[in-house]
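Beneath this line is the structure, given in structure tokens, with notes to follow.
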Amino acid sequence: ELAMWLERLEKADVKVVLIEKQAPQALVESLEAQGYAVALIDVLSTHLEGEGFDRYLEIQDDNAQAISDAFERADAGKEQH
């Protein structure tokens with residue numbers, strides 16, 4: 001099944017993959033080995049009761065930074081080719 005998704009990513013000319021932080025490490029490593037910049041984001045615990053709105057914003061900021069970093073890595077990879 002992974003091969004099918006890798007083929008789809010390649011056909012779509014994907015450079016960055018957004019994936020949940022809890023994803024299996026082997027999957028993340030497989031994506032990176034294929035040359036994708038992976039952004040680990042947190043969508044499962046974005047707002048737990050009792051943590052408050054400030055924590056929600058902190059998680060969203062962390063997600064945005066992870067995505068930005070992944071696009072920077074993808075751009076750096078293009079410059080090396």
Side-chain angles (χ1 to χ4, degrees):
E1 190 169 310
L2 178 59
M4 176 194 68
W5 286 109
L6 290 172
E7 182 179 331
R8 287 182 179 189
L9 291 172
E10 184 177 346
K11 284 182 180 180
D13 198 30
V14 170
K15 303 295 182 220
V16 174
V17 175
L18 309 182
I19 194 166
E20 177 61 42
K21 283 184 173 184
Q22 288 82 7
Q25 186 61 33
L27 174 58
V28 174
E29 290 171 0
S30 292
L31 290 166
E32 291 173 336
Q34 293 296 316
Y36 297 104
V38 177
L40 298 173
I41 59 173
D42 185 354
V43 296
L44 294 178
S45 63
T46 54
H47 190 63
L48 299 175
E49 188 175 348
E51 288 190 346
F53 188 65
D54 288 340
R55 178 67 181 134
Y56 171 80
L57 292 178
E58 182 181 316
I59 291 169
Q60 297 311 308
D61 285 343
D62 291 347
N63 287 342
Q65 187 62 56
I67 294 167
S68 175
D69 291 348
F71 275 97
E72 286 181 15
R73 289 192 310 276
D75 286 343
K78 283 193 292 190
E79 292 170 5
Q80 293 176 359
H81 294 302

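Side chains of D61 and Q65: a donor-acceptor N/O pair is absent below 3.5 angstrom, by distance only.
Residues L44 and E20 share a closest heavy-atom pair of N-OE1, 3.4 Å. Taking both residues in full, the closest heavy atoms of A39 and A66 are given as CB-O, 3.5 Å, listed atom of the first, atom of the second, then distance.
Atom CD of E58 has more than 12 heavy atoms from other residues, nucleotides or ligands within 6.0 Å.
Classification of K15 and D13 as a salt-bridged pair holds, one side-chain N sitting under 4.0 Å from a carboxylate O.
Cluster membership check: V28 shares its hydrophobic cluster with L6, using side-chain heavy-atom separations under 4.5 Å among Ile, Leu, Val, Met, Phe, Trp and Tyr. If you chain together hydrophobic residues whose side chains sit under 4.5 Å apart, L27 and V38 fall into the same group.
Judged by distance alone, with hydrogens and angles left aside, the side-chain atoms of S68 form no donor-acceptor pair with the main-chain N or O of A64 at under 3.5 Å.
When side chains are defined from C-beta on, L9 counts as touching Y36, because their heavy atoms get closer than 4.5 Å. Taking the side chain as every heavy atom from C-beta outward, R55 and I59 approach each other to under 4.5 Å.
A distance of 15.0 Å separates CH2 of W5 from CD of E10, quoted to the nearest 0.5 Å. Atoms CD1 and CD, on I67 and E72 in that order, are 12.5 Å from each other to the nearest 0.5 Å. Rounding to the nearest 0.5 Å places NZ of K21 at 5.5 Å from CG of D62. With rounding to the nearest 0.5 Å, the separation of CG in N63 from CG in L18 is 9.0 Å. Interatomic distance, CD of Q34 versus CD of E7, reported as 12.0 Å (0.5 Å rounding).
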Side chain to side chain contact (heavy atoms under 4.5 Å, CB included) evaluation trace for L40 with I19:
CA-CA 5 Å; L40 298 173; I19 194 166; 3.4 Å; yes
